There are 2 protein chains.
Amino acid sequence: MPANTANAMERKTGIALWRQVADRIRQGIGSGEFDGDGRLPPETALAERFGINRHTVRSAIAALVQEGVLRAEQGRGTFIQRRRRFTYPISARTRFSEGLRDQARDRRGHLLAHARETASPRVAEALGIPEDDPVIRLETLSEADGRPVSRATSWFQAERFSGIADAFASSGSITVALRDHGVADYLRKSTIVSARHAESADLADLKLAPGAIVLVAVALNVDPDGRPVQFSETRFAADRVELSVSE
Amino acid sequence: MPANTANAMERKTGIALWRQVADRIRQGIGSGEFDGDGRLPPETALAERFGINRHTVRSAIAALVQEGVLRAEQGRGTFIQRRRRFTYPISARTRFSEGLRDQARDRRGHLLAHARETASPRVAEALGIPEDDPVIRLETLSEADGRPVSRATSWFQAERFSGIADAFASSGSITVALRDHGVADYLRKSTIVSARHAESADLADLKLAPGAIVLVAVALNVDPDGRPVQFSETRFAADRVELSVSE
DNA sequence: GTTGATTTGTCCGTATGTATA
DNA sequence: GTATACATACGGACAAATCAA
């Protein structure tokens, strides 16, 4: 029986075999393939199933152990380390930390980088400012219970929000950082959701494997007067997050 | 000049260099880096910028051409290939055909299959009926301008919507089919959006390549009295559709 | 219309990394 | 540990197409 026509790993794809195997195992876990006892088949069985060498399976498992997806115990077997999927609400009052309040004990935002630059056509149009006006860009990472959940790029008008980077760095919260700049309240005006493969930089920050999928939310927040305050593109790890749209 | 410390590609990561370069270029396109004339810098310039060989850049470009992101013309240059994505609105009044009214001349729904079955726990909970109550399941495909856009599985309470399959088959519209069953109006109560790789059946129906991504929307529609009428799981081809959440 | 500069397309060879046996 | 096969990356040379002086 040519059992491997569907299972066969592809070579010369630019993705190392062990990474493809890791993806497959992760996918299998996601679709409940090993739900019975939460235990992975032995390395030799996996090697046979995928039509590859046992050492390649071991590389894949090592990576998944490193990621926290699996837990290997010598002499006993390899087991699934179960995690929940976070549900992230999108509404007029969307805020990261509040949205996950009931789902994670520990929620925090990190500032990875920031820069002052001129607005690209896309950013300028979103923020309603002239092209090439100065803006501040924040590169941020959000974690819940120690796991990276989303990676965002945000733009703010530079004049109005000159100290936004420091404010975010110290508070880890956009809500607090905006409050420091006189924005007591803000509303989500629009959100465009799409999905694609994660890019290399996001793979690293979100601790994802190549081929992983990100949910992309491009959003505009406005103050109570309707003036744009924040334009952002957030990439959510699709295997850890779902978005809930409610009225 | 160590100009490449920030730009340098990483080796021995299990991700081929040309793939990392392709990601970088795709990202650049997404952030509007080449918006001026929609033209990529010459291969030699990209090679220098990334600190790699021109041939490696060429591999990356070849992959992006294959994806439909770029278009290369000998002697002229390499250009960004803009593709049009349908924007599908999600709101309290979400309806497929109306949502795409301004974006596609031709919109239609096809009934692929239908069955009468008993409600699974998930379906029963969503529709607010006892488990194992009879329901009708519709398998539908939606197209816009001749391109498959989404593939949906819908469940309806069997008693109340006994002729829903025929009504949908003849009209190609859920709105019309529900009206035939006395539901003059309905509202979107909740939508959960996630993303994953397409399953093989959906690949065929949506005419997608293996490894393609689908946006999954699990939704509940209710009548004006708040009674559930339709529970559905819709898979959108992620490279053809984005979802717009607006107030 | 010709020439030269620019840019993509193709071919060669070599070195190293990855996976298998 | 060794041998083999293939994929990846680099370097150079030249052909083919385009465009402007």
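Chain letters run A, B, ... following the sequence lines, proteins first, then strands; residues in each count from 1. This one's a predicted model, so the numbers in the text were calculated from it and none came from an experiment.
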Give the rounded distance in Å between these two atoms: NE2 of B/His55 and P of C/dG9.
13 Å
Less than 4.0 angstrom between a side-chain N/O of B/Arg58 and OP1 or OP2 of C/dG9, yes or no?
yes
Nucleotide D/dA9, atom P - distance to CG of B/Leu17 in whole Å:
4 Å
I'd like to know if the side chain of A/Arg137 and the backbone of A/Val135 have a donor-acceptor N/O pair within less than 3.5 Å.
no
Under 4.0 Å, counting only non-hydrogen atoms across every strand here, what does B/Thr78 touch: a base, just sugar-phosphate, or nothing?
sugar-phosphate
note: B/Leu46, atom CG; D/dC10, atom P; distance rounded to Å ~ 14 Å
Nearest 0.5 angstrom please: B/Arg26 CZ to B/Arg19 CZ, how far?
8.5 Å
Does D/dG11 have its OP1 or OP2 closer than 4.0 Å to a side-chain nitrogen or oxygen of B/Asn53?
yes
Identify, with sequence neighbours excluded, every residue that meets side chain to side chain contact (heavy atoms under 4.5 Å, CB included) alongside A/Ser120.
A/Arg122, A/Val123
Picking from C/dT7, C/dG9, D/dA9, which would you name as closest to the side chain of B/Arg39?
C/dT7
Touch check for B/Arg71, heavy atoms < 4.0 angstrom, all strands: base, sugar-phosphate only, or nothing?
nothing
Can you give me every donor-acceptor pair (side chain of residues 74-81 of chain B, partner residue at least two apart or in another chain, under 3.5 Å) with its distance?
residue: B/Arg76; atom: NE; partner: B/Glu73; partner atom: OE1; Å: 2.8
residue: B/Arg76; atom: NH2; partner: B/Glu73; partner atom: OE1; Å: 3.4
residue: B/Gln81; atom: OE1; partner: B/Arg71; partner atom: NE; Å: 3.1

Please confirm whether the shortest side-chain N or O distance from B/Thr44 to OP1 or OP2 of C/dT7 is below 4.0 Å.
no
Take atom CZ of B/Arg54 and atom P of D/dC10, then tell me their distance rounded to the nearest Å.
13 Å
When rounded to whole Å, the CZ to C1' distance for the pair B/Arg19 and D/dA9 reads 15 Å
Whole angstrom is fine here: how far is it from CD in B/Gln74 over to P in C/dG9?
6 Å
B/Gln20 has an atom CD; how far is it from atom C1' of D/dA9, in whole Å?
12 Å
Across all strands shown, which nucleotide pairs with D/dC6 by Watson-Crick or G-U wobble geometry, both distances under 3.5 Å?
C/dG17
